[in-house]
Protein chains: 2
Amino acid sequence: MPAESDCTEMLDSETKAVETPEDHADELRLWLRLLTCTTLIEGEVRGRLRQRFDVTLPRFDLMAQLDKAPDGMTLSDVSKRMMVSNGNVTGLVERLVESGHLDRRTSETDRRVQVIRLTKLGRAEFRRMAAEHETWIADLFADLTPKDVRELMRLLAKTKASAQKSAARRRP
Amino acid sequence: MPAESDCTEMLDSETKAVETPEDHADELRLWLRLLTCTTLIEGEVRGRLRQRFDVTLPRFDLMAQLDKAPDGMTLSDVSKRMMVSNGNVTGLVERLVESGHLDRRTSETDRRVQVIRLTKLGRAEFRRMAAEHETWIADLFADLTPKDVRELMRLLAKTKASAQKSAARRRP
DNA sequence: TGAAAACATTTTAGGCTTAAAACAATTTGG
DNA sequence: CCAAATTGTTTTAAGCCTAAAATGTTTTCA
């Protein structure tokens, strides 16, 4: 009875690589750790936004998208950028228009399209929140060296590309 | 009028480090990239779970926790592990008991405590899903080398510790 | 012992989120 | 030109999620 091989790839009797029940425990652990980090930070930011500014994270995120687009965005654009469903954006925008933070108008050239912008109030409030938000993030990542940050950026870029490729394989 | 310094830390007229409006753009970008990766992968997993097994991600996550605890867990344990609110767990458990995947009983020794376990059905279904789930994760991370995975694990561990420290500073 | 504190869970109210279907407007291709 | 496909948004139904208050139970400690 042969001892177990230490080889990663098992060879069959014809010396050809064979399908083994592969061990993907490391990738699984990596995914769980990634998720933990994100959940942890997201929860912290959510809580601080609520306490300091009485605003929800999704509202803040939507305003952040619009702050980068002075000429406004369509709902579809927002939906893609935020990676959330269309219906989600509809409701979010509704509430932000209601509270006076957003301005929504139908496009002149394509009556299907809704263009939304930050109002003066919306922009002012967002800028105030964003300034503080940036310090929270800096604090949350405070123990990472600049090199750590660079390296994480690189590896996460690679991760993103890998995941996008995998997603595209399934849904071409 | 002096030219702008290239120094990271500015010095004032008395040659003492001075508060500058610090630039945390890198950390902010890192956070957004982290969030993008997680959202991307999470969405992909959510979609596959729904298509293949008609199960939601939160249900799967809860079953995953219980699979690791053959003797069951209290609702508080689950809540802490999953990093979600207590009320959230209550509802999730309710639906999973309803569908026959979970068994819930009041602790003999402490009538405040509810202990939940996977039923035979729940465990069987979870194992079936988990096997496939693992291959999805492997595929999503397929372009990372083993070294990349190790390095990411290390950096995310550091990130997690940093974030926990920051959270504890605020909420001691 | 017995009131106060701590703990585990549920309830409440409101908002977020999704997938799928429906609707409306525009573009495309025969 | 016009029917079909595509695109942008909203609606629907169901479930997820949170914070805060409420409920019931156990522990603490004066």
Side-chain angles (χ1 to χ4, degrees), chain A residues 35 38-40 42-63 72-99 101-102 104-116 171, chain B residues 35 38-40 42-63 72-99 101-102 104-116 171:
Chain A
L35 191 54
T38 300
T39 306
L40 185 60
E42 199 170 53
E44 198 59 26
V45 171
R46 183 195 310 282
R48 297 192 198 202
L49 281 173
R50 188 182 40 73
Q51 283 202 350
R52 273 296 276 126
F53 301 113
D54 194 33
V55 75
T56 67
L57 183 52
R59 275 167 159 92
F60 177 83
D61 287 343
L62 176 37
M63 289 195 268
M73 296 174 81
T74 69
L75 297 201
S76 286
D77 288 347
V78 173
S79 164
K80 273 174 207 120
R81 286 296 195 95
M82 293 181 72
M83 299 194 279
V84 300
S85 67
N86 286 339
N88 190 356
V89 174
T90 296
L92 222 34
V93 166
E94 221 157 56
R95 287 182 288 269
L96 280 164
V97 168
E98 169 66 26
S99 63
H101 294 84
L102 258 57
R104 169 176 41 186
R105 64 188 56 171
T106 303
S107 161
E108 303 277 329
T109 59
D110 185 340
R111 277 180 308 177
R112 288 171 302 181
V113 174
Q114 301 285 313
V115 178
I116 54 176
R171 212 181 344 80
Chain B
L35 190 54
T38 300
T39 306
L40 186 60
E42 198 170 54
E44 198 59 25
V45 171
R46 184 194 309 282
R48 297 191 198 202
L49 281 173
R50 189 183 39 73
Q51 283 202 349
R52 275 292 279 126
F53 301 113
D54 193 33
V55 77
T56 66
L57 183 52
R59 275 168 161 91
F60 177 83
D61 286 344
L62 175 38
M63 287 196 270
M73 296 174 81
T74 70
L75 297 201
S76 286
D77 287 347
V78 171
S79 166
K80 274 174 208 120
R81 285 296 194 93
M82 294 181 72
M83 297 194 280
V84 301
S85 66
N86 287 339
N88 190 358
V89 173
T90 296
L92 222 34
V93 166
E94 221 158 57
R95 288 183 288 269
L96 279 165
V97 168
E98 169 66 26
S99 63
H101 293 84
L102 259 55
R104 169 176 41 184
R105 63 187 58 171
T106 302
S107 161
E108 303 278 329
T109 59
D110 185 340
R111 277 181 306 179
R112 288 172 301 182
V113 173
Q114 301 285 312
V115 178
I116 55 176
R171 210 181 346 79

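Just so we're on the same page: letters track the sequence lines, and every chain starts at 1. Values in this document were obtained by computation on a predicted structure and should not be read as measured data.
DNA chain D is contacted by both M82(B) and D110(B); M82(B) maps to the nucleotide lying nearer its 5′ end (nearest heavy atom per residue). Of the residues near DNA chain C, E108(A) and N88(A), the one whose nearest nucleotide (by heavy atom distance) lies more toward the 5' end is N88(A).
In this structure, CZ of F60(B) is placed 18 Å from C1' of dG15(D), rounded to the nearest angstrom. Put simply, CG on L62(A) is 16 Å from P on dG15(C), counting in whole angstrom units. Between the CD atom of E42(B) and the P atom of dC16(D) there is a distance of 13 Å, given to the nearest Å. When rounded to the nearest whole Å, the span between CD1 of I116(A) and P of dG8(D) equals 14 Å. In this structure, the CD atom of Q114(A) is 19 Å from the P atom of dT7(D), given to the nearest Å. The separation between D61(B) atom CG and dG15(D) atom C1' is 15 Å, rounded to whole Å. Atom-to-atom, CG of L92(A) to C1' of dG14(C) comes out at 14 Å; the value is rounded to the nearest Å.
The phosphate of dG8(D) (OP1 or OP2) has no side-chain N or O of S79(A) nearer than 4.0 angstrom. Residue R111(B) places at least one side-chain N or O under 4.0 Å from the OP1 or OP2 atom of dT26(D). Taking side-chain N and O atoms only, N86(B) has no distance below 4.0 Å to OP1 or OP2 of dT9(C).
No donor-acceptor pair closer than 3.5 Å links the side chain of S79(B) to the backbone N or O of L75(B).
Residue R112(B) has its side chain nearest to dG24(D) when only dT17(C), dC17(D), dG24(D) are considered. Comparing dT17(C), dT11(C), dT18(D) against the side chain of T90(B) picks out dT11(C) as the nearest. Comparing dG15(D), dT17(C), dT9(D) by their nearest atom to the side chain of R95(B) picks out dG15(D). In the set dT9(D), dT11(D), dT10(C), dT10(C) carries the atom at the smallest distance from any side-chain atom of L75(B).
For R48(A), the CZ atom counts as densely surrounded, since its 6.0 Å shell holds more than 12 non-hydrogen atoms of other residues, nucleotides or ligands.
In this structure, V93(A) and Q114(A) have side chains that are not in contact, with every pair of non-hydrogen atoms separated by 4.5 Å or more. R81(A) has its side chain within reach of M73(A): a pair of non-hydrogen atoms, C-beta onward, lies under 4.5 Å apart. Residues T56(A) and L49(A) have side chains not in contact (no heavy-atom distance under 4.5 Å, counting atoms from C-beta outward).
L35(A) approaches T39(A) most closely through the heavy-atom pair O-OG1, 2.7 Å.
Within a heavy-atom distance below 4.0 Å of DNA chain C, the residues of residues 44-59 of chain A found are T56(A), P58(A), R59(A).
Taking OG1 of T106(A) as the start and CZ of R111(A) as the end, the distance is 9.5 Å to the nearest 0.5 Å.
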